[in-house]
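Worksheet: the structure to be examined is printed underneath.
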Amino acid sequence: MKVTTIKECLDEKDSQGGEIVAAKVNGRPVDLNTPLTKDSKIEGISIHSPEGLEILRHSTSHLMAQAVKELYPEVRITIGPSIAEGFYYDFDYSRPFTPEDLAKIEEKMRALAKEDIPIIRREMSKGDAIKLFDKMGETYKTEIIRELPEEAVSLYQQGNFTDLCRGPHLPSTAGVRSFKLLSTAGAYWRGDEKNKMLQRIYGTAFPTEAELDNYLNKLEEIKKRDHRKLGRELDLFSIQDEIGAGLILWHPKGALIRKSIEDFWREEHLRHDYDLLYTPHVARLDLWKTSGHTEFYQANMYSPIEVEGQDFQLKPMNCPFHIMIYKTKIHSYRDLPIRWAELGTVYRYERSGVLHGLLRVRGFTQDDAHIFCRPDQLEKEITSILDFTVDILKTFGFDRYDIYLSTRPEKFVGSMENWEKATTALCKALEMKGLAYQIDPGEGVFYGPKIDIKIKDVLDRAWQCTTIQVDFNLPERFSLSYVGEDGVPHQPIMIHRALMGSLERFFGILVEHYAGAFPLWLSPVQVRVLPITEKQNEYAGEVKTLLSREGIRVKVDSRSEKIGYKIREAQMEKVPYMFVVGGREAESRSVSVRMRKDGDIGTMPLASAIEKVKKEILIYQSTK
RNA sequence: GCCCUUGUAGCUCAGUCGGUUAGAGCACCUCCUUGGUAAGGAGGAGGUCACCGGUUCGAUUCCGGUCAAGGGCUCCA
């Protein structure tokens, strides 16, 4: 047999029965039916590898475009990449696609896949490609081609559908297997709101039906855990029209959880040599002029409030207040570092379309802190913050992260030397802690480099919470100084940092992370005492008093309902411990313990039950 | 902000092709029941059908606008 393509070459070496979807030649991904050239190092790309999955999804996206073009010939195609959890394709069409359209498109896709249409790559000059797409009326494609730097472009053809694409792709439409179209959305051409709104269709694809089902189940699970749904069901918080969009009302149970978080946060900060501050919610506009917010942050600020001829500004950040406290006296180099923390509530204007439950709001409380230090202290401070962050996050059950280091952007303040030093300090701190990170080149804030930490929840979703930012700008603007060993003033470096980010968002993430079943130390009601009949109400009251005395949050359900009903309700409210007390328990001063997760664990003396609960509450502190 | 979808009781949802008193389940209140590990029974109360305007003899229903929510685009804690 004469070997002429990559596919045949790979087939000869070892066959994985259709599991190979593309190949790498000298490390470059190519189609399987690429003609073979000599001296090439060839590797197969399995459909089960991340690269293979991406190719599968990309080809599925093309198959969708082909189906759409066949069903709605007047549609113009734009772009259709694979994304983290699937793919999308943006179409220019006179109307949005309906769920019925999606069903039809899906059906068409299955038919086209069954036809086993070969997917063929062609290369041609830009000029020829433009002519070709021009003839088809695909103006978006010609626009893309004109902007490509290469001389030649590659096209992929399947049946009478041709798309501009770098590839690689599956060898045939038959390779597209388990997929589902999920939703439609408006999306601007090239993400720019000045451009035309296109019709986007999202979908996902997997190598096997089982993996697709698994993913669809995960979507269901995400829906069940939605903090907006659980927030209402568990009576944690609300957002109301009469109050305003993006403004949160914390109900008693939510407030109690927040209090536990705040108490923990304050204790930990004091333990880590931070001091606590409180600052006002508004300040004279001039302060924000000095800080530069009126210049750089205007788009996110509310309009000033005029009082007695003076303008006041609702605060979008806490930093200027902390700085003004720093400026109330002269500091020696011996005073540094100064670490000041505040649970500071700020208000930022967010466009109405982006608001989302607790995760994106207009008024929120940052777990903010500002550290004023000498340049030689920077690295050590960053290291301690990283340690502190990991500890705090671990307490809430987060121990997997994605860490990003953002470096100097094009527009920046401060000297190149300082940037260099600060960036090196951030890198070194991360490396010393053995934390893996990615570099986001040019993504730093104009005033300094930063580290962002995204936590991963139980469903593997990443959430940006922690941010650690070095700032050269504000110390300059506010002329901050400390007196050095040499007796002359020097400029301190400022670090802004938030570990949880905002209490609102963090709480929303926690609700989803725990699916509303908060660990004991955070549960608003830790124990609910359930008397079997009204005859045990008195004993239940005694049990309650004893638990309260130990600092345990406890309620009694003394309603005239059957025990099954009371249990069902406590279970749905996700109360961690139920103490069932009937005649037998009252007689022997014991309780029948039922746990949220494990159910009935039997009767035990009251004192042992209290000890058990106390011990479990303390567990979170020993994780440090 | 923009595109699409949605807005009926505290919650989940029926319903009205424009026509007297708009329904259900859960939750709530009262009474009966005193029951041993996920729903005992009966009765009752609860709605300006998001808001404003228009068409009409008549609008919760049709039309327009506003507000809000949801899915995205963009941005971010």
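Residue numbering restarts at 1 for every chain, and letters A, B, ... go by the order of the sequence lines. Worth saying up front: this structure is predicted, and the values here are computed from it rather than measured.
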Sugar-phosphate, base or nothing in reach of Ile567(A), heavy atoms under 4.0 Å
base
How would you label the contact of Gln464(A) with the nucleic acid (heavy atoms, under 4.0 Å): base, sugar-phosphate, or nothing?
sugar-phosphate
Please measure how far the C1' atom in G23(B) lies from the corresponding atom in A45(B), and state the result in whole Å.
16 Å
Nearest heavy-atom contact between Ile239(A) and Leu247(A) is CG2-O, 3.8 Å
Roughly how many Å apart are A59(B) and C52(B), using the P atom of each and rounding to a whole number?
14 Å
Indicate, with a heavy-atom threshold strictly under 4.0 Å, whether Gly501(A) touches base, sugar-phosphate, or nothing.
sugar-phosphate
Whole Å only: how far is the CZ atom of Arg200(A) from the P atom of G71(B)?
15 Å
What contact category does Ser560(A) fall into here, base, sugar-phosphate, or nothing, at under 4.0 angstrom with non-hydrogen atoms?
base
Base, sugar-phosphate alone, or nothing: which one does Tyr202(A) contact when heavy atoms must sit under 4.0 Å apart?
sugar-phosphate
The test is salt bridge (charged side-chain N to carboxylate O under 4.0 Å, His left out); show your working for Asp163(A) and Lys141(A) and say whether it passes.
CA-CA 8 Å; Asp163(A) 201 348; Lys141(A) 290 294 173 189; 2.6 Å; yes
To the side chain of Tyr188(A), which of C2(B), C76(B), A38(B) is closest?
C2(B)
Indicate, with a heavy-atom threshold strictly under 4.0 Å, whether Val361(A) touches base, sugar-phosphate, or nothing.
base
Is the aromatic ring of Tyr565(A) within stacking range of A38(B), meaning centres under 5.5 angstrom and planes under 30 degrees?
no
When we call it a touch if two heavy atoms are under 4.0 Å apart, what does Gly353(A) touch: a base, just sugar-phosphate, or nothing?
base
If you look at every strand shown and take non-hydrogen atoms under 4.0 Å, does Arg584(A) touch a base, only sugar-phosphate, or nothing?
base
Within the 4.0 Å heavy-atom criterion, would you say Gly583(A) contacts the bases, only the backbone, or no part of the nucleic acid?
base
For the side chain of Glu350(A) and the base of A77(B), is some donor closer than 3.5 Å to an acceptor across the two?
yes
Single hit among Trp265(A), Trp463(A), Phe518(A), Phe506(A) for ring-ring contact (aromatic ring centres under 6.0 Å, His included) with Phe396(A):
Phe506(A)
U8(B) to G70(B) separation - P atoms, rounded to the nearest Å:
14 Å
Nucleotide C73(B), atom P - distance to CZ of Arg190(A) in whole Å:
17 Å
Mind checking Glu573(A) for me? I need base, sugar-phosphate or nothing, with any heavy atom below 4.0 Å counting as a touch.
nothing
In whole angstrom, give me the gap between the C1' atoms of G25(B) and U20(B).
27 Å
Residues Lys454(A), Asp402(A): salt bridge by 4.0 Å N-O rule:
no
Please measure how far the P atom in A27(B) lies from the corresponding atom in G72(B), and state the result in whole Å.
33 Å
Taking the basic N atoms (NZ, or NE/NH1/NH2) and the acidic carboxylate oxygens, is any pair closer than 4.0 Å for Lys69(A) and Glu74(A)?
no
Base, sugar-phosphate, or nothing: which does Ala498(A) touch, judged by heavy atoms less than 4.0 Å apart?
nothing
Consecutive-pair stems (at least three Watson-Crick or G-U pairs, under 3.5 Å) that include RNA chain B
B:1-7 with B:67-73, B:10-13 with B:23-26, B:28-32 with B:40-44, B:50-54 with B:62-66
